[in-house]
Amino acid sequence: MDRWVHRFRHRLLAWFHRSRSVPILYVRRFPYKEIKRATGGFNTIVYSNARNAAYKAKFLDGRVTLVKELSLNDDTFTTEVQLLGRLHHRHLLALRGFSTGHKRLLVFDEIGNGSLRDHLNDPLRTPLNWRMRLQIAAGVAAALEYLLLFTDPPMCHVSISSSTIMLDENFTAKISDVGFLCSPVTIGSYQEASKSDDYMDQKCAKMIYQLGVLILELITGQSSDGTGGDLIKWIQGTNFARTINKMIDPDLGNSFDQKEVRNLLAIAKLCIKSKDKPRFSIPQIFRYLQSKVEVTKY
């Protein structure tokens, strides 16, 4: 993270909270049986990782939402619900409710158009055009800036990939996999950690790396598990420049601007190189993407 940003982060937080008076959204307690029925017995998995499993849920009123199961004890889960309920950003999937039955479950906002991965992989879905893909990248970068600078305590977990980016009915991108507590620890320990340059640099570097992989997914139409795999080998390979046209998603047709694609690939390449130490900041990436498309910051 930029040293200036880190040094003034707490002042930025104080300004941000003073300048906004957004109330904590009402968080409803859902009956366990209602969630189990909506998820088809937890069989409709959207994605899973070491921290949580996410399911598609369709409730009786027709709403299609995302439900996540967390592996946390009761006290830590309660704190997580309270902290997630405070988040408010256009490109973050909002928490709407929870359940503490047989599983510890979080119920999030509607995901009318499913995940980004669905649209990149399913030939029956309408392909995303170039402008929509730019808007998705810019929206994700805007949310990462918010998570990095304006959450207190800092985020413990953020996962960015085509599987964890949800699209609402207007195709607005929403990050769905974020969390404050990864294990039964105190909030104070994370607040202390956030004061460390190494801690914030590590978080920033991971976010930037994942954003780079996501950009590659948007350009090529190939989804990954978040580590990049073949996409990383391609962009770091000696034949990268000569094979760009072959790697661009054919679903884009002629709707894209060649210069914009190459500029975005250059950003993705720098993001990948930031895996160990950031070469630039998330706000810088967001400013570039914002200059290409109109995107609401908060």
Side-chain angles (χ1 to χ4, degrees), residues 1-6 8-9 11-13 15-17 19-20 22 87-94 109 113 116 119-120 128-151 154-155 158-162 164-178 200 203-220 235 248-249 252 255-274 278-298:
M1 177 188 289
D2 290 351
R3 292 293 181 264
W4 184 91
V5 173
H6 177 74
F8 292 97
R9 180 174 180 272
R11 295 184 186 179
L12 286 168
L13 280 168
W15 166 83
F16 185 70
H17 293 310
S19 65
R20 290 160 50 84
V22 178
L87 296 180
H88 181 78
H89 192 281
R90 185 170 185 262
H91 296 286
L92 288 178
L93 201 62
D109 221 344
N113 278 305
L116 174 59
H119 286 271
L120 295 179
L128 301 171
N129 63 39
W130 178 242
R131 192 58 41 186
M132 294 170 72
R133 297 185 197 211
L134 277 177
Q135 288 174 335
I136 289 170
V140 170
L144 290 179
E145 181 187 59
Y146 169 82
L147 292 173
L148 185 67
L149 298 181
F150 299 115
T151 55
M155 303 303 296
V158 182
S159 177
I160 305 297
S161 73
S162 59
T164 63
I165 303 300
M166 301 296 129
L167 302 175
D168 68 9
E169 65 279 2
N170 298 315
F171 289 92
T172 301
K174 309 275 186 177
I175 298 177
S176 69
D177 194 7
V178 302
M200 297 307 292
K203 290 298 174 187
C204 184
K206 184 176 180 180
M207 289 182 187
I208 291 174
Y209 177 82
Q210 291 182 339
L211 180 58
V213 175
L214 181 70
I215 290 172
L216 292 181
E217 292 184 84
L218 288 167
I219 291 174
T220 65
I235 201 170
I248 295 174
D249 188 355
L252 285 170
S255 69
F256 60 92
D257 181 285
Q258 282 278 1
K259 184 177 179 180
E260 286 183 346
V261 169
R262 289 181 179 274
N263 287 341
L264 209 57
L265 281 170
I267 289 177
K269 196 167 187 176
L270 287 172
C271 286
I272 302 305
K273 290 181 178 179
S274 294
R279 304 294 182 93
F280 44 81
S281 68
I282 286 173
Q284 287 175 317
I285 301 172
F286 172 57
R287 296 297 175 271
Y288 172 81
L289 294 171
Q290 189 180 38
S291 71
K292 299 299 178 185
V293 291
E294 291 184 7
V295 59
T296 302
K297 188 175 181 181
Y298 300 119

Treating Arg133 as the side-chain partner and Leu128 as the backbone partner, does any N or O pair qualify as donor plus acceptor under 3.5 Å? yes
From Leu289 atom CG to Ile267 atom CD1, the distance as rounded to the nearest 0.5 Å: 5.5 Å
For Thr220, the side-chain contact (heavy atoms from CB on, under 4.5 Å) test, sequence neighbours excluded, returns Gln222, Leu231, Trp234, Met247
Measure the OG-CD1 distance between Ser159 and Ile165 for me, rounded to the nearest 0.5 Å. 8.5 Å
So how far is it from Met132 CE to Phe171 CZ, rounded to the nearest 0.5 Å? 4.5 Å
Determine whether Asp177 and Ile160 make a side-chain contact, defined as any pair of heavy atoms from C-beta on separated by less than 4.5 Å. no
Can you tell me how far CG of Asn263 sits from NZ of Lys259, rounded to the nearest 0.5 angstrom? 6.5 Å
Working to the nearest 0.5 angstrom, can you tell me the gap between Ile136 CD1 and Leu218 CG? 6.0 Å
Measuring from Leu120:CG to Asp249:CG, what's the distance to the nearest 0.5 Å? 7.0 Å
Is there a donor-acceptor pair under 3.5 Å between the side chain of His119 and the backbone N or O of Asn113? yes
Strictly distance-based, threshold 3.5 Å: is any side-chain N or O of Gln284 a donor or acceptor partner for the main-chain N or O of Ser281? yes
Using side-chain contact (heavy atoms from CB on, under 4.5 Å) as the criterion, list what pairs up with Glu260, not counting sequence neighbours. Trp130, Arg131, Leu134, Asp257, Lys292
Taking His91 for the side chain and Val140 for the main chain, is one N or O donor matched with an acceptor at less than 3.5 Å? no
Could you go through Ile248 and Val261, starting from their C-alpha distance and side-chain angles, then the distance that decides it, and tell me whether this counts as side-chain contact (heavy atoms from CB on, under 4.5 Å)? CA-CA 9 Å; Ile248 295 174; Val261 169; 4.0 Å; yes
Determine whether Leu144 and Ile285 make a side-chain contact, defined as any pair of heavy atoms from C-beta on separated by less than 4.5 Å. no
Can you name the residues that form a side-chain hydrogen bond (donor to acceptor under 3.5 Å, both in side chains) with Thr164, not counting sequence neighbours? none
For Ala268 and Ile215 the tightest heavy-atom approach is CB-CG2, 3.9 Å
Determine whether Val178 and Leu87 make a side-chain contact, defined as any pair of heavy atoms from C-beta on separated by less than 4.5 Å. yes
With sequence neighbours left out, write down each residue that passes side-chain hydrogen bond (donor to acceptor under 3.5 Å, both in side chains) with Asp109, or none if nothing qualifies. Arg96
Would you indicate whether the side-chain heavy atoms of Lys174 and Leu167 approach each other to under 4.5 Å? no
Taking C-beta and beyond as the side chain, do Ser161 and Glu217 meet within less than 4.5 Å on heavy atoms? yes
How close do Leu93 and Ser176 get, counting heavy atoms only, and between which atoms? CD2-CB, 3.8 Å
What are the two closest heavy atoms between Ala141 and Leu211, and how far apart are they? CB-CD2, 4.2 Å
How close do Cys271 and Gly212 get, counting heavy atoms only, and between which atoms? CB-CA, 3.5 Å
Counting only N and O atoms by type, is there a donor-acceptor contact under 3.5 Å from the side chain of Tyr146 to the main-chain atoms of Leu92? no
Whether Lys203 side chain and Leu148 backbone form a donor-acceptor pair below 3.5 Å: no
How about Lys269 and Leu265: do any of their side-chain heavy atoms sit closer than 4.5 Å? no
Can you name the closest pair of heavy atoms from Lys206 and Val158 and give their distance? CE-O, 4.4 Å
